[in-house]
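Each residue takes its place number in the sequence, starting with 1.
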Amino acid sequence: MVNRIPQEKIDEITQNNNIVDVISDYIKLTKKGRNYFGLCPFHGEDTPSFSVSPEKQIFHCFGCGKGGNVTSFVMEIENLSFVEAIKHLADKSGDSLPDEWIRQQGPSYSSEEQNILDAYEWSNKLFHHVLKHTKDGKDALNYVKNRGFSKDAIEEFQLGYSPYKDQFLSAFLKGKGFELENLAQYGLLNSRDGNSFFDRFQGRVIFPIHNHQGKVVGFGGRSIQDHLEPKYLNSPESKLFHKGKILYNFHRARKYFQKLNQVVLFEGYADVIKAYQAGVHHAVATMGTSLSETHAKILSHYVDEVIICYDGDAPGREASFKTAKIIKNAGMNARVANVPNEMDPDDFFEKHGPEAFQNLIQSAENDVSFSLQYIKKNYNLNIDHDRVQYVEKALDIIATVNQAVERDFYLNDLEEMFKLDRSTLLQEIENRRRIMQRTKDHDNHVNNKSIEHNKWKKPQKLYSAYQNAERHLISHMLQNEYVADKVQQRLGSSFNLEDHQVLVTYLYAYYEEGNEPSVSQFLERLNDDHIKQLATELALIPINESFSDQELDDYIRAIKRESESSQELRTLKQMLIQAEKENDHQSAARIGMKLIELKKKNMT
């Protein structure tokens, strides 16, 4: 291994991190038979094709082909090097990992990106220190305390302050050896002419923004002086910071909302921090933008329900209405917290306290009730024309409800409110649902055609008899040392496919070191990603657990027959070339006929 961590320690750490538990921190998994399935986090899909085997401690996506063990998964999803992934797992399982074993870790980002991340981390430490321990940060510290942020929250969220000085941060980072021009390109500093640089966030309380790995990739700044505009300022979009993909506090909240199967969605940093102080830890926020479809898709991998807690004023309610639609389109349930008019969640916390804040979240109404109430503002229900339009819109919303009892509940309200005939309302609902079903059937038909088309373009790979024999035999060998030993004695590495030759050579060495059968641990010995993916794929092939000597004989016979045929083909081709060189047309014709017969025989 190229790293310095002993293999025994790596095995210990991976064994202490059950792959199902680790992957469940990132996506929803459902048990089907012996394995677990979910939506693949590495490519977009609507039907789960991502499989996790608790028995073998491996994962494999039948859609995109990615696979491996728990370390491979962490490396891929967190964009970590091998040693960083082992450290991540060690921290999770409480295993000790001495510093001298991890000093040689490789970069998980490009050198430029890592340099920027380092600059953001140094800046974050500086801003936090200024806020807590300097005269420059005294007014800012008073401001955040007056805003109701506790000492614990200030520390947990690493709030900071950028002094109202032109060159404070830039001079600090220059002294650390950073190129200021690069920092300006990533929005950490501003530039007037490309040559001189000044602090972007000066005079503002700093809210560090982390990516989903927990690395600082941007800042949100709130001015504490009335003349300093704009009041709120975020880092600009960059290679590392995309507002449409990153959710504030995601890296902290993930472990909480995954367990609760529910996330609370806010619009701002302060709301999330106040929620934390109220004991609501499964909260995230968008950052000056509306919830994007990408945001919703990310959340759908973790939870079934989103509670929207936006401002109680008209813009906030309109944003809630639009956000609920995006959440439902992503396949999740939406609920809306009833924040009083002209208040935001932060104000509500300050006025009513943490217990009332928790109740506000817990009593959130479902999106249908909210939507029916929300659209009323557009109609004057004292006018017949508006009443009819409202009922039509209300029926459109109620028709989307799949549960008959819930639909009946809302229809009962319409019936009583407008003195309408129940049978007429039911007929209108049925008409709408019939149209919705036709649209859904059409979309499914189009999607199925698209899937069929894609299958035609990329057909499922078919394997010949000898290829299937090699694949199934290696699958047995990965899980049974006795079978591997028998194959080594009778076949060695004389498989027909080169990848299979490489794989079994690694496998023989693995068993010769005295290791027990463990696909997960075997994968740790493979440095070639292609061979690692192949081993994962083969290990998940369903096999007959009561493997007989007859089956072993059949597999080896098929492999040897192909090998012998291949050798005969090579010999005949060489003879054909020689006959043609000697202008022996009669021999060439006879050899050519033998080649055709042999090829036909191999195809059957």
Do [X] and [Y] have a side chain donor and acceptor closer than 3.5 Å?
| X | Y | value |
| --- | --- | --- |
| His472 | Ser475 | no |
| Glu537 | His60 | no |
| Asp152 | Ser150 | no |
| His500 | Gln467 | no |
| Asp118 | Gln114 | yes |
| Thr71 | Glu524 | yes |

Apply salt bridge (charged side-chain N to carboxylate O under 4.0 Å, His left out) to the pair Glu305 and Arg335, showing each step before the final yes or no.
CA-CA 8 Å; Glu305 182 176 80; Arg335 289 166 60 197; 3.2 Å; yes
Rounded to the nearest 0.5 Å, what's the gap from [atom1] on [X] to [atom2] on [Y]? Could you check?
| X | Y | atom1 | atom2 | result |
| --- | --- | --- | --- | --- |
| Thr400 | Asp367 | OG1 | CG | 7.0 Å |
| Phe62 | Phe37 | CZ | CZ | 6.0 Å |
| His295 | Leu265 | NE2 | CG | 9.0 Å |
| Asn17 | Asp95 | CG | CG | 7.0 Å |
| Leu89 | Ile10 | CG | CD1 | 11.0 Å |
| Leu538 | Leu507 | CG | CG | 10.5 Å |

Evaluate the salt bridge (charged side-chain N to carboxylate O under 4.0 Å, His left out) criterion for residues Glu55 and Arg34: first the C-alpha distance (whole Å), next the side-chain angles of each, then the deciding distance (0.1 Å), finally the verdict.
CA-CA 8 Å; Glu55 180 183 357; Arg34 299 170 73 170; 2.7 Å; yes
Sequence neighbours left out, what passes side-chain hydrogen bond (donor to acceptor under 3.5 Å, both in side chains) with [X]? Give chain and number order.
| X | answer |
| --- | --- |
| Ser320 | none |
| Lys322 | Glu318 |
| Gln15 | none |
| Asp21 | none |

Test item: [X] and [Y] side chains (from C-beta on) under 4.5 Å apart, heavy atoms:
| X | Y | value |
| --- | --- | --- |
| Leu189 | Arg200 | no |
| Lys87 | Asp91 | yes |
| Asn211 | Phe241 | no |
| Cys309 | Ile361 | yes |
| Asn18 | Gln57 | yes |
| Asn261 | Lys28 | yes |

Using the test side chain to side chain contact (heavy atoms under 4.5 Å, CB included), find all partners of [X] that sit at least two apart in sequence or belong to another chain.
| X | value |
| --- | --- |
| Asn338 | Arg317 |
| Asn182 | Ile116, Glu179, Gln185 |
| Ala275 | Phe266, Val280, Ala283, Phe357 |
| Asn515 | Tyr510, Glu513, Arg525 |

Could you tell me whether the side chain of Gln158 and the main chain of His128 form a donor-acceptor pair under 3.5 Å?
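Looks like no, no N/O pair under 3.5 Å.
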Tell me, yes or no, whether the heavy-atom count around Glu293 atom CD, taken from other residues, nucleotides or ligands under 6.0 Å, exceeds 12.
no
Can you name the salt bridge (charged side-chain N to carboxylate O under 4.0 Å, His left out) partners of [X], sequence neighbours left out?
| X | answer |
| --- | --- |
| Lys66 | Glu76 |
| Glu12 | Lys9 |
| Asp499 | none |
| Glu156 | Arg252 |

For the pair Phe321 and Tyr374, name the ring-plane relationship: parallel under 30°, tilted 30 to 60°, perpendicular over 60°.
parallel
Tell me whether the rings of Phe149 and Phe207 are parallel (<30°), tilted (30 to 60°) or perpendicular (>60°).
perpendicular
Taking the six-membered ring of Tyr269, is the NZ or CZ of Lys274 close enough (under 6.0 Å from the centre) and on axis enough (within 45°)?
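Cation-pi check for Lys274 and Tyr269: fails.
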Would you confirm whether the ring centroid of Tyr26 sits within less than 6.0 angstrom of the ring centroid of His301?
no
